[in-house]
Amino acid sequence: MTITITAFEHSPDGGKGLSRDTRVRWALEEVGQPYNVRPLSFEALKQSAHVCMNPFGQIPTYEEGDLCLFESGAIVFHIAEHYAGLLPSDGNARARAIMWMFAALNSVEPSILEIVVVKFAEGDKPWSKERMPLVFDRIRQRLRPLSARLGDAEWLDGEFSAGDLIMVSVLLRLRMSGILDEFPNLAAYVARGEARPAYQRAFAAQLAQATGT
Ligand SMILES: N[C@@H](CCC(=O)N[C@@H](CSCc1ccc([N+](=O)[O-])cc1)C(=O)NCC(=O)O)C(=O)O
């Protein structure tokens with residue numbers, strides 16, 4: 001069945017791959033599933049035609065037959081559940097891969113998103129300058145144990161999985177902050193994710209979308 005995802009018509013990052021459709025594109029590329037994209041303007045995001053698919057008026061969404069999903073983590077999980085290549089067949093290994101998806105979204109991403117809050121939502125507040133170092137320290141409190149756990153392994157738990165896909169896409173948001181470079185094994189882990197042909201194809205597709213090329 002035809003798969004259609006939504007993405008920004010023009011991503012504010014100019015195609016750096018930071019918007020969350022990139023992780024869905026990546027998952028679809030990893031499992032070899034073709035997909036269409038419905039690009040949306042910021043105005044269209046808030047229109048009823050889209051809000052009926054995502055009550056928060058955001059991208060990405062995922063349509064396949066009469067299934068309609070929002071929430072990039074849930075979309076990647078659905079893809080991983082229904083197409084081979086992102087979750088191990090062994091039951092315990094599969095459960096651990098899903099555990100790492102949740103860890104990325106619930107234990108690591110929130111502290112990283114605080115950077116965006118301080119920069120864009122609170123940038124004009126007198127206290128935002130002193131808040132940023134606190135945000136950075138809370139991110140380090142998450143990256144330290146993650147770095148220790150990964151050690152010199154290639155991926156978080158054996159073969160590359162949806163858990164790594166989500167974790168790498170979460171850590172990519174740190175690129176500009178410089179914090180990732182304080183943890184060389186995490187920086188190398190992210191680079192391994194970016195070097196995957198499926199990621200390269202996903203990145204190229206979102207860049208072409210963002211730049212209209
Ligand atoms: N939890 C949801 C969050 C979805 C979400 O944040 N969507 C954003 C785009 S990805 C987040 C994002 C946005 C922009 C950049 N950037 O660098 O320009 C990076 C990431 C969106 O639609 N924003 C428009 C709105 O809320 O009105 C999910 O994972 O799907």
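In listed order, ligands and their atoms are each counted from 1. Just so you know, these numbers use all the heavy atoms, side chains as well, and skip hydrogens, waters and symmetry mates.
Put simply, the side chain of W26 reaches to within 4.5 Å of the side chain of V168, judged on heavy atoms. Looking at H78 and E64, their side chains come closer than 4.5 Å, going by heavy atoms from C-beta outward.
Ligand-side atoms of ligand 1 in range of P60: 30 (O), range being under 4.0 angstrom from any heavy atom. Here is the list of ligand 1 atoms found below 4.0 Å of a heavy atom in R173: 19 (C), 20 (C). Interface atoms of ligand 1 facing L45, defined by a heavy-atom separation under 4.0 Å, are 24 (C).
Selection from V76, V116, I59 by nearest heavy atom to atom 7 (N) of ligand 1 gives I59.
Between the side chains of R138 and S111, no donor-acceptor pair of N or O atoms lies under 3.5 Å. For the residue pair T61 / N54, no side-chain donor-acceptor distance below 3.5 Å is found, with atom types taken as modelled.
In this structure, the protein non-hydrogen atom closest to atom 12 (C) of ligand 1 is S19 CA, 4.1 Å. The single protein non-hydrogen atom nearest to atom 23 (N) of ligand 1 is F8 CZ, 3.6 Å, given as residue, atom name and distance. Among all non-hydrogen protein atoms, the one lying nearest atom 11 (C) of ligand 1 is R20 NH1, 3.1 Å. Counting protein heavy atoms only, atom 17 (O) of ligand 1 is closest to D13 CB, 3.2 Å. Closest to atom 30 (O) of ligand 1, if we only count protein heavy atoms, is S72 N, 2.8 Å. The shortest contact between atom 3 (C) of ligand 1 and any protein heavy atom is with Q58 OE1, 3.6 Å. In this structure, the protein non-hydrogen atom closest to atom 1 (N) of ligand 1 is E71 OE2, 2.5 Å. Nearest non-hydrogen protein atom to atom 19 (C) of ligand 1 is L18 O, 3.6 Å.
At a 4.0 Å heavy-atom cut-off, ligand 1 touches K46 through the side chain alone. The residue F70 has no part lying near ligand 1, judged by heavy-atom distances below 4.0 Å.
For an aromatic pair to be called close, the ring centres must be under 6.0 Å apart, and F70 with Y62 fails this.
Distance check: Q206 CD to T211 OG1 gives 8.5 Å after rounding to the nearest 0.5 Å.
In this structure, R25 fails the cation-pi test against Y35, since its NZ or CZ atom is not both closer than 6.0 Å to the six-membered ring centre and inside 45 degrees of the ring normal.
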Worksheet item: Given the rule in the salt bridge (charged side-chain N to carboxylate O under 4.0 Å, His left out) test, do E30 and R196 qualify, once you have shown the distances and angles that lead to the verdict?
Response: CA-CA 9 Å; E30 288 283 352; R196 292 180 67 88; 2.7 Å; yes
Discussion item. Apply side-chain contact (heavy atoms from CB on, under 4.5 Å) to residues D157 and W100 and explain how you reach the verdict.
Written reply: CA-CA 9 Å; D157 189 298; W100 280 113; 4.2 Å; yes
